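Structure, as structure tokens:
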There are 2 protein chains.
Amino acid sequence: MNVRSFNFAAYYSNEMRPRDADKERVIKKKAIEMIVKYGFDGLSMHKLAKAAGVSPATIYIYFKDRDDLIIQAGLEEELKMFDATLKGFDASMSFEEGMRVQWMNRTHYFLENPDQMNFMEQLKHSPYHHEIGTRVESNFSNLMSQFVHKAIDNKELAPLPIEVFWAISFAPLYQLVKFHINKKGITGSPYVLDDQSIHLALSIVLKGLKPTVQ
Amino acid sequence: MNVRSFNFAAYYSNEMRPRDADKERVIKKKAIEMIVKYGFDGLSMHKLAKAAGVSPATIYIYFKDRDDLIIQAGLEEELKMFDATLKGFDASMSFEEGMRVQWMNRTHYFLENPDQMNFMEQLKHSPYHHEIGTRVESNFSNLMSQFVHKAIDNKELAPLPIEVFWAISFAPLYQLVKFHINKKGITGSPYVLDDQSIHLALSIVLKGLKPTVQ
DNA sequence: TAGTAGTAAGTGAACGTTCGTTCATTTAAT
DNA sequence: ATTAAATGAACGAACGTTCACTTACTACTA
């Protein structure tokens, strides 16, 4: 019996033992911790079961198989990340204000959830990337498209393909946070990200993106 | 018998059968292909041996163990990448010219070697990252430091920490190439990187980095 | 209210497979 | 003759997954 043959009729007539709501959460969380610490190689179902305090068989009540577990964890984290990113954001904001909100939201979320970020980055660069792909992103990228096109129309932003915009706007932020999480800069020396650097980087990005006055 | 107990005395007196110079190359290459296609999970020594056309035991003549193989492959690719990046580059170049050379070198190398780039990106976001770390980078980052500090002194570049410089200068390029290699942009729609986008992105980055005239 | 039937949650042990690695031996060089 | 390269078979361990079974919860009966 697994998640795909869940008996909804029985569930709604209350004729079954309910699931422990915490178990799925704990399993996903421990899986992420193991992947971050030891890589995808290091995620074994036996070890995960032990870490989560359940039987190996229990994991298969909540997830179809190992791949499903990884993908479900990825989808959930992606959703959480988008939520955090868009807190207080509105596509109708001025370009500069909207950018500032998103930079700060992302920065704080990543710094407070380094395991989650690390996991997502591993996922993004693995063959699982294709599986997760565009299931969640549509809402998000629609909102971003709106925001970008409005900014271009208002001459707050130079006209450019959305991918170029994205790469220039957010890739530097991700890179800085990665330096911080790895505790190492390019030279290999210790690195700690501070607010000043974040603001400096953002202002440089904004300057680059501002349309040239004719 | 493995690489660590290699008999140099016997070797230089020509009393031993020489290694097949191609084998190590083929093993590394196939390993990279497997990792890119199936992730670190998907790299098994049996399958790798079959793919490389050798016995599993042969791999252990050239590499201490699986981790050593992965790390050696990573180190070699890192070296190759730096070589390609610095072709025609000189720390004494003007800032703009130096940046342009590096952008073009990197772009072309990545586009011509997508497997290698993908492998390095997986490595960078895995626990192996720490193992490779700063063994190769010192030459490279010294050169970059020179280049950056000279540019700041010459007022070609706004003063900023080297990590902020790096993040703004090169993270966007990496992101654009990743979109291209994945054949998908942010929206999930097909994406092909063209020269125009590369030049546009570089010019925006350079504009952002230029010091504000007082 | 106490007891029972019915359901799925939850489990530990076991399954067959595949893993990374090694060993005993053969092959191909000098 | 000497050396290491190269191998196929074999090792124990660990893998992902399943099975037979027990536990705990709910609904219903009386």
Side-chain angles (χ1 to χ4, degrees), chain A residues 1-28 30-31 34-35 38-73 127-128, chain B residues 1-28 30-31 34-35 38-73 127-128:
Chain A
M1 174 84 2
N2 66 41
V3 71
R4 290 177 188 251
S5 57
F6 188 84
N7 185 339
F8 288 96
Y11 179 75
Y12 288 117
S13 68
N14 288 329
E15 286 170 11
M16 58 178 268
R17 176 180 173 187
R19 288 185 182 169
D20 181 339
D22 259 12
K23 285 217 165 78
E24 187 174 346
R25 223 194 79 251
V26 173
I27 292 169
K28 277 190 204 159
K30 292 289 175 185
M34 291 179 67
I35 290 171
Y38 308 110
F40 284 109
D41 288 345
L43 178 71
S44 102
M45 303 305 265
H46 288 270
K47 287 179 189 167
L48 173 58
K50 186 154 281 184
V54 300
S55 158
T58 302
I59 301 175
Y60 291 84
I61 295 173
Y62 294 91
F63 305 98
K64 187 177 164 288
D65 53 28
R66 186 176 175 275
D67 277 3
D68 184 49
L69 162 62
I70 293 171
I71 291 168
Q72 294 306 324
Y128 290 107
Chain B
M1 175 86 359
N2 66 41
V3 71
R4 291 176 187 252
S5 57
F6 188 83
N7 186 340
F8 288 97
Y11 179 75
Y12 287 117
S13 67
N14 287 330
E15 287 168 11
M16 57 179 267
R17 176 181 174 190
R19 287 186 183 169
D20 181 339
D22 257 11
K23 284 215 167 81
E24 187 176 346
R25 222 194 81 251
V26 173
I27 292 169
K28 277 190 205 161
K30 292 288 174 185
M34 290 180 69
I35 289 170
Y38 308 110
F40 283 109
D41 289 346
L43 178 73
S44 101
M45 303 306 267
H46 288 271
K47 287 179 189 165
L48 173 59
K50 185 155 279 184
V54 299
S55 158
T58 302
I59 301 175
Y60 290 84
I61 294 171
Y62 295 91
F63 305 97
K64 185 178 166 288
D65 54 28
R66 186 175 175 275
D67 278 3
D68 185 50
L69 162 63
I70 293 171
I71 290 168
Q72 294 305 325
Y128 290 107

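Keep in mind the model is a prediction, meaning the values are calculated, not measured. Reminder, nothing fancy here: chain letters follow the sequence lines and each chain counts from 1.
The nearest whole Å value for the distance from the NZ atom in B:K64 to the C1' atom in C:dG20 is 12 Å. For the pair A:R19 CZ and C:dA8 P, the computed distance is 11 Å after rounding to whole Å. Rounded to an integer number of Å, the gap from A:D41 CG to D:dC15 C1' is 12 Å. Rounded to a whole Å, the CG atom of A:D22 is 15 Å from the C1' atom of C:dA9. Rounding to whole angstrom units, NE2 of residue B:H46 and C1' of D:dA14 are separated by 13 Å. The OH-P distance, from A:Y62 to C:dA8, rounds to 14 Å in whole Å. Taking atom CG on B:D20 and atom P on C:dA29, their separation rounds to 10 Å, with Å as the unit. Separating the CG atom of A:D67 from the C1' atom of D:dC15 is a distance of 14 Å, rounded to the nearest angstrom.
The side chain of B:K47 approaches C:dC19 more closely than any other nucleotide in the set D:dT18, C:dC19, C:dC23. Nearest to the side chain of B:A57, among C:dC23, C:dA14, C:dT11, sits C:dC23. Checking D:dT17, C:dG10, C:dT21 against every side-chain atom of A:I61, the shortest atom distance belongs to C:dG10. Closest approach to the A:Y60 side chain among D:dA6, D:dC15, D:dT18 is made by D:dT18 (side chain taken as heavy atoms from C-beta onward). Considering only the side chain of B:R17, C:dT27 comes nearest among D:dG8, C:dT27, C:dC19. The side chain of B:D65 lies closest to C:dT21 when the candidates are C:dG20, C:dT21, D:dA5. In this structure, of C:dA29, D:dG16, D:dT7, it is D:dG16 that holds the atom nearest to the side chain of A:M45. Nearest to the side-chain atoms of A:P18 among the listed nucleotides D:dT17, C:dG20, D:dC25 stands D:dC25.
Expressed to the nearest 0.5 Å, how far CG of B:D22 lies from CD1 of B:I27 amounts to 10.5 Å.
Residue contacts shown for A:T58 include a base, since a base heavy atom lies under 4.0 Å away. Looking at heavy-atom distances under 4.0 Å, A:L43 makes contact with sugar-phosphate atoms alone, never a base. Across all strands, A:I59 comes closer than 4.0 Å to no nucleic acid atom at all (heavy-atom distances).
Between A:K23 and C:dG10 there is a side-chain polar atom (N or O) within less than 4.0 angstrom of OP1 or OP2. Side-chain nitrogen and oxygen atoms of B:S44 include at least one within less than 4.0 Å of the OP1 or OP2 phosphate oxygen of C:dC19.
In terms of heavy-atom proximity, B:S55 sits nearest to B:A49 at C-CB, 3.8 Å.
Looking at A:S55, its side chain has no donor and acceptor atom pair within 3.5 Å of the base of C:dG10.
Looking at heavy atoms from C-beta onward, A:I61 lies in side-chain contact with A:R19 at the 4.5 angstrom threshold. Contact check for B:K30 versus B:V54: no side-chain heavy atoms found under the 4.5 Å cut-off. The closest side-chain heavy-atom distance from A:Y62 to A:L69 is not below 4.5 Å. Side-chain atoms of A:F63 and A:K28, non-hydrogen and from C-beta on, do get closer than 4.5 Å to each other.
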